[in-house]
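One structure is given below, encoded as structure tokens.
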Amino acid sequence: MVLRLSTLFLRTLREDPVDAEVASHKLLVRAGYIRRAAPGIYTWLPLGLRVLNKVEAIVREEMNAIGGQEVHFPALLPKEPYEATNRWTEYGEGIFRLKDRKGADYLLAPTHEEMFTLLVKDLYNSYKDLPAYLYQIQNKYRDEARPRAGLLRGREFIMKDSYSFDVDDAGLDTAYAKHREAYLRIFARLGLEVLPVLATAGAMGGSRSEEFLHPTDIGEDTFVRSAGGYVANVEAVTTVVPEDIDPAGLPPFEVRDTPDTPTIDTLVEAANRLAPRASGAWTAADTLKNVVLAALLPTGERHLVVIGLPGDRAVDLKRVEANIGAHLPVGGEIGIEAASEEDLRRHPGLVKGYIGPALGTERAVLGAEGSTGITYLVDPRVVSGTSWITGANEHGKHVFGLVAGRDFGWDGTIECVEVREGDPAPDGSGPLETARGIEMGHIFQLGRKYAAALDLKVLDQNGKLVTVTMGSYGIGVTRAVAALAESNHDDRGLVWPRNVAPADVHLMVTGKQAELFAEAERIAAELEARGVEVIFDDRPKVSAGVKFGDAELIGVPTIAVVGRGLADGVVEVKDRASGTAENVPVADVVEYLVSAVRG
RNA sequence: CGGGCUAUGGCGCAGCUUGGUAGCGCGCCUGACUGGGGGUCAGGAGGUCGUGGGUUCGAAUCCCGCUAGCCCGACCA
């Protein structure tokens, strides 16, 4: 295959597009791989499509290798399956909805769990049919509130999604392990560094979930790792819980006037001024901050949750959302947001800025008159016997020396605090550092959630109906192209790994003599005959500088230059990544390039 | 949804403060020169200045509304 630049549908840009922020987006547009069609929606040009196809081919091969069978669903779907699992509602504004001429509701699929489940239900009904691994490589549509960074977060994107169907948990474990291995092979072949990190299964249920994160500063996901090898998504990190302390001998609590101290900073300042401590200055870590949140239940109800945590820590709403399910057993997804003024008005016992547990009871009650209908959860660091400065439920007053378990109680503990650099890893492997990454893939054990909701059952060996257990496994294919561009570029342009480059060799002619073009034509034809994919810059009136610039921008791994060296019988062969160049005798150049490509 | 910014030819921008009928660079077309790092010269094509209204003799420019986009945050299998 030879792509001639004289006719290739391509226009490279000298300047960065103004709406692009990250390198991959700028370069993919500048080098003529993609064009923006609408916010978060991109058109693939010939070069981009070639890269995309190569990524897809690798994914396909590895999925087939573990017994995956490719299918293809429509992107345009009726709403009914999504109503059965409640996602027609749960997805909210996140999905593109439309109506047909009769007024029936349709959607552009944001994900296909329902359709896969129904397809298996449609065709299979015996344990003998299982396990089954089905996958597709297909467009997904999500009406993201804020698409960003080009291909990295689009509103239309391509995902490889697969689903495993098994009769029992052991089968699911096997399917999960196979997918995990396949994913590691896929990313290795793509030349994309990924870390499998522990993720929360969250409201999806299921016992196990890992994300494959590609570490990069422009990533949208924060994860933590320790020198000892612990890696986890921040939502999944667990706190190292201190030992309980025997409260015997601790002095009783004491209420003090602390005027104008509605924030932790002002409180710490006042505490050191009004009640200095012999053993050292009070710090924010000595205070117990009570943050009021509102949980949005699937029923539409709004339930208040107060979280007590050390004052030097901040609540991470994502972590709350991921872990709240255990404390509010309502089933379904629970949304979490900061409480509104209206929420506080409905609970006058909660005095803003001075909220604390009801004093002197071990029960989990809050506020001046004691709470009703509020769930009080605390950070795991708040163990029995710890002593705190916290709000006294009266404007301008705080209580000092309030001892957990002795003077106040709580409904439960929750992992909810923002993980900080330097916090200990839960497995004792050292202090955590935070890093950013792009989620390239996510695998999880769905269990029976969808099968139950859609009534997917098969007959087992005993002739009994059993609900099938499922796994779900995704790879962001278009996102992989963006991540590859992001991690493989320099200040001159893209530098594709060999396995995904749009071509094997970028052959160019510099000069105008007919012999140069004739020789380059010969080389191009021979390379084609040997199965090498060639981008051939045969443009007759383009200066050498432009050709070099375009070659480096486009980023094919090997660049061959037929030019002034030809008089000495050599062709220059450059390595795009290292920049090293070598003069190869004309007679050997085809063989040289073939082995470089297959190398 | 909150905060900030922007909207002028295919792309990147100036012009707006102080109203007078649109300009620059890149790209594109023609020709000549040049020919290993985005070269030079000459001549061209291409714009209802996001949109609706208002002020004015006259609006890209001033005023009001709307829409869209970008960035940060919230949100997001």
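Source: prediction; values computed, not measured. Throughout, protein chains are lettered first and strands after them, A, B, ... in sequence-line order, and every chain is numbered starting at 1.
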With [atom1] as the reference atom in both, quote the distance from [N] to [M] in angstrom, rounded to an integer.
N	M	atom1	value
B:C1	B:A74	C1'	7 Å
B:C16	B:U55	P	25 Å
B:U21	B:C57	C1'	13 Å
B:U56	B:C63	P	16 Å
B:C71	B:C26	C1'	25 Å
B:C13	B:U34	C1'	30 Å

Rounded to whole angstroms, how far apart are [atom1] on [X] and [atom2] on [N]?
X	N	atom1	atom2	answer
A:F548	B:G36	CZ	C1'	5 Å
A:L152	B:C76	CG	P	18 Å
A:I559	B:G37	CD1	C1'	12 Å
A:I218	B:C72	CD1	P	11 Å
A:R155	B:G69	CZ	C1'	11 Å
A:L553	B:G27	CG	P	14 Å
A:L507	B:G36	CG	P	17 Å
A:R539	B:G36	CZ	P	16 Å

Which listed nucleotide ([options]) is nearest to the side chain of [X]?
X	options	result
A:K512	B:C28, B:G36, B:G35	B:G35
A:E439	B:G38, B:A77, B:G37	B:A77
A:R153	B:G37, B:C76, B:G27	B:C76
A:R14	B:A77, B:G38, B:G37	B:G38
A:D550	B:G38, B:G35, B:A77	B:G38
A:F444	B:C28, B:G38, B:A77	B:A77

Taking for each residue the nucleotide of RNA chain B bearing the nearest heavy atom, is the 5' side occupied by A:V561 or by A:I443?
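Nearest nucleotide further toward 5': that of A:V561.
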With sugar-phosphate meaning primed atoms plus P, OP1 and OP2, does [X] contact a base, only sugar-phosphate, or nothing at under 4.0 Å between heavy atoms?
X	result
A:Q513	nothing
A:G563	base
A:K541	base
A:T510	base
A:R36	sugar-phosphate

Given that both distances must come in under 3.5 Å, which nucleotide forms a Watson-Crick or G-U wobble pair with [N]?
N	answer
B:U55	none
B:G73	B:C1
B:C16	none
B:U67	B:A7

List, with names and distances, any nitrogen or oxygen atoms from the protein found under 3.5 Å away from nitrogen or oxygen atoms belonging to nucleotides 9-14 of chain B.
from: B:G12; atom 1: OP1; to: A:V18; atom 2: N; distance (Å): 3.3

Distance-only side-chain donor-acceptor flag, [X] / [Y], under 3.5 Å:
X	Y	result
A:D143	A:Y141	no
A:K178	A:Y473	no
A:H489	A:S24	no
A:E210	A:Y183	no

Pair A:H214, A:F187 - check ring pair (Phe, Tyr, Trp, His ring centres under 6.0 Å), show working.
CA-CA 10 Å; A:H214 171 64; A:F187 293 121; 9.0 Å; no
Would a 4.5 Å heavy-atom cut-off, applied to side chains only, mark A:F165 and A:K121 as touching?
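No - every pair of side-chain heavy atoms lies 4.5 Å or more apart.
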Find out whether A:R436 and A:T216 are in side-chain contact, i.e. whether some heavy atom of one side chain is under 4.5 Å from a heavy atom of the other.
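Heavy-atom side-chain distance check fails, nothing below 4.5 Å.
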Give a yes or no answer on whether the side chain of A:S164 reaches the backbone of A:G471 with a donor-acceptor pair at less than 3.5 Å.
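Indeed, once roles are kept as given, a pair shorter than 3.5 Å links the two residues.
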Relative to each other, are the rings of A:F116 and A:H112 parallel, tilted or perpendicular (30° and 60° limits)?
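Perpendicular: the ring planes of A:F116 and A:H112 meet at over 60°.
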